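These numbers come from a predicted model, not from an experiment.
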Amino acid sequence: MADRIAAGEVVERPASVVKELVENSLDAAATQIVIEVDGAGVDLIRIGDDGTGIHPEDLPLALQRFATSKVRTDDDLEAIRSFGFRGEALPSIAAVSLMEIASAVAGETVGRRVRLEGGAVAADEPAGVAIGTVVTVRQLFFNTPARRKFLKSTSREFALIVETVNRLAVAHPLVAFRLIHEGAEVARYPAGTDDDRIASVWGETAFGRAVPFSVDTGEIQLRGWLGRPEAVRANRRQQYLYVNHRPISSRVLTGAVEQAHHQLVPVGKFPSFIVFLDVSPHRVDVNVHPRKLEVRLDDEHQVFATVERTIRSVLRGAQLVRPVEAALPASAPTVVAAGTLAIEGTAGSLDAVAPVSLPAAGRLPAMRLLGQLHGSYLLAEGADGLIVIDQHAAHERILYERLLRSRTRGAPSTQLQVTPMPVSLPADSFALLTAYQDILAQLGFDLEPFGDRTVLVRAVPHAVSQGAPQQLLLTDLLAELAEGDRVSTPQAVLERLTITTACHSAIKAGDPLTREEMASLVHDLAQTEDPFTCFHGRPTLVTVPVAQVERWFLRR
């Protein structure tokens, strides 16, 4: 019973068995690993490798709890470099299955095979097997039916096995992996380079668009690949995180990478990434989780800051203009008169301007402005095709960063009102404005209580001075402040107010722009640090490659 309980900590599901056994193969210096499963791993899991193997005399000992060849002294626990070191995997798996292990080592004329049923040895005999180890696990949880009942569907359990193999394969490109399910090969990863392996796991298209990076700070080495913002997903399954080549789950490190993507991806979506973090083994405790899925770092705050800062720097140095590839229209395009465009049968005005050539600036490419579509999108010609700019999203980014710079200087850029504007408010709204008066002052609002429920607006942020500051104050900002109880810190409240101020004050969709205003908008966008998305994570501009346009016209 004790063995079964202990097994529950290590063997959660078939994917747990695959993880533990493949890690043993990697620790044995295997160069080829074959994973075979039937019934999503419940009926059969067989892991075969060409590693160093287990000496015949040691094989029975390897099946005892806590017996391990990977820790020899107490000091070894302070610098763990192997995957397995607890000596729990093999006996725990054997306790809840029908298991057979056969192994041979170089220099011995014969190997050894041991069969176990529910942890008890059923057979132990010499065996002529190739150098390496083959572990066969059948009827997983045959003696713990309650555990089997709580497994997910066959498709879900197999998907978890695939994910487990992929995560291990990414970290070991020099090792060849094969995954076979129900007799059919599902995945084959030949030994190769990092690039080969990432392209195989992520797909050629995603890998081709990923942003590679490598940074060495002296104490921490970071390298990996970042998916482009348009490759965001609804879940975190494309997030691969490793510490000293060990695949792990870490809220701290995942949070650092996601924080670096702040405002580059929409709320509720998750970036894709493969990040390797290498630190001294003395700085990592890998013994905090029975399945070694989590680690503890000696200074998590410092590591968080380093990872977040490094990833953000990489993203800010990357070219993140989004390419758009629309599907070929099912019917021939409609022929329209000059000066209009037809999109899915709806005609909309295209305001043409005398083309304006703009040189490359900041992180934006050179372009030639052509006009404005629907009073909402700027159209420009780029070196590789058509560039479409969302004027509202672009202006949001410009105003947001202006407000941020103004806050950072500690002296917000304000526009004094020629005549202070009195604003009468309901009692609750008046209380909110006075309570948050200091935070609003950091944005550039100079408010003075005047009477019981009236404030005098003496100055407003320069960025909104051309709009309707009174409406901004009375509707959008008051609404945000009313939600302030859900925000934990004054800094968080200030961030929300900054976003609301920029959003309210930005050029709207449908606002016509002159040629000079269009050129000024693109120029100002180029001066921002993150010109490719607004603070909601939506793109400010996309490109349509010439090849895509040619496909629309059946030229390809």
Side-chain angles (χ1 to χ4, degrees), residues 319-324 326 333-344 346-403 405-406 413 415 461-469 472 501-536 538-546 548-549 552-553:
Q319 177 57 262
L320 300 179
V321 177
R322 302 187 185 208
V324 174
T334 306
V335 177
V336 296
T340 64
L341 287 181
I343 300 176
E344 295 181 356
T346 302
S349 64
L350 170 63
D351 297 323
V353 300
V356 180
S357 295
L358 301 175
R363 296 165 66 191
L364 296 189
M367 65 184 76
R368 192 167 68 104
L369 276 173
L370 304 176
Q372 186 185 32
L373 174 64
H374 282 277
S376 301
Y377 303 97
L378 309 188
L379 304 182
E381 178 187 28
D384 300 320
L386 179 67
I387 299 174
V388 184
I389 302 172
D390 182 330
Q391 64 188 39
H392 177 67
H395 201 213
E396 279 185 330
R397 167 55 61 182
I398 293 165
L399 294 182
Y400 174 76
E401 292 202 10
R402 282 179 181 171
L403 289 167
R405 288 194 296 270
S406 178
S413 178
Q415 178 68 51
H462 189 272
V464 306
S465 59
Q466 302 301 315
L472 168 64
T501 300
C503 184
H504 172 89
S505 308
I507 297 167
K508 302 296 186 291
D511 289 349
L513 300 180
T514 65
R515 177 177 63 177
E516 291 74 18
E517 289 171 333
M518 295 181 200
S520 177
L521 183 69
V522 175
H523 174 270
D524 291 344
L525 181 63
Q527 308 309 309
T528 62
E529 290 187 336
D530 291 311
F532 303 115
T533 60
C534 71
F535 39 72
H536 300 298
R538 293 192 295 265
T540 56
L541 72 161
V542 298
T543 61
V544 182
V546 171
Q548 177 64 47
V549 177
W552 289 343
F553 289 94

**Study point:** Considering all heavy atoms, the nearest I387-M367 contact
**Key:** CD1-CB, 4.0 Å
Point to revise | Minimum heavy-atom distance L399-A502, with the two atoms named | key: CD1-O, 3.8 Å
Check your understanding: What distance separates T533 OG1 from R538 CZ, expressed to the nearest 0.5 Å?
Key -> 10.5 Å
Revision key, fill the gap. Interatomic distance, CG@L513 vs CD@Q391, rounded to 0.5 Å, equals 4.5 Å
Check your understanding: Any side-chain heavy atom of W552 sitting closer than 4.5 Å to one from V549?
Key -> yes
Review point. Judged by atom type as modelled, is there a donor-acceptor pair below 3.5 Å linking the side chain of S505 to the main-chain atoms of T501?
Key: yes
Check your understanding: With F532, which residues qualify under ring pair (Phe, Tyr, Trp, His ring centres under 6.0 Å), at least two apart?
Key -> none
Review point. From D524 CG over to R397 CZ, what is the distance, rounded to the nearest 0.5 angstrom?
Key: 13.5 Å
Practice item. To the nearest 0.5 Å, tell me how far E396 CD sits from T528 OG1. Key: 12.5 Å
Check your understanding: Taking all atoms of both residues into account, what is the closest heavy-atom pair of C503 and K508, and its distance?
Key -> O-NZ, 4.0 Å
**Study point:** Closest approach of D511 to Q372 (non-hydrogen atoms, all atoms of both residues)
**Key:** O-NE2, 2.9 Å
Check your understanding: Between E401 and L525, is there a donor-acceptor pair closer than 3.5 Å when you use the side chain of the first and the backbone of the second?
Key -> no
Study note, to complete from the structure: dist L320:CG -> L541:CG (nearest 0.5 Å) comes out at 10.0 Å
Review point. Which heavy atom in I389 sits nearest to a heavy atom in A394, and how many Å separate them?
Key: CG2-CB, 4.1 Å
Revision key, fill the gap. Closest heavy-atom pair, H392 versus I507, reported as atoms and distance to 0.1 Å, is ND1-O, 2.7 Å
Check your understanding: Can you tell me if Q548 uses its side chain to pair, donor with acceptor, with the backbone of P545 under 3.5 Å?
Key -> no
Review point. For atom CZ of F535, is the number of surrounding heavy atoms from other residues, nucleotides or ligands below 6.0 Å larger than 12?
Key: yes
Review point. Which value, rounded to the nearest 0.5 Å, describes the distance between L378 atom CG and L369 atom CG?
Key: 6.5 Å
Review point. Got a sec, which residues hit side-chain contact (heavy atoms from CB on, under 4.5 Å) with H523, two or more places apart in sequence or on another chain?
Key: Q527
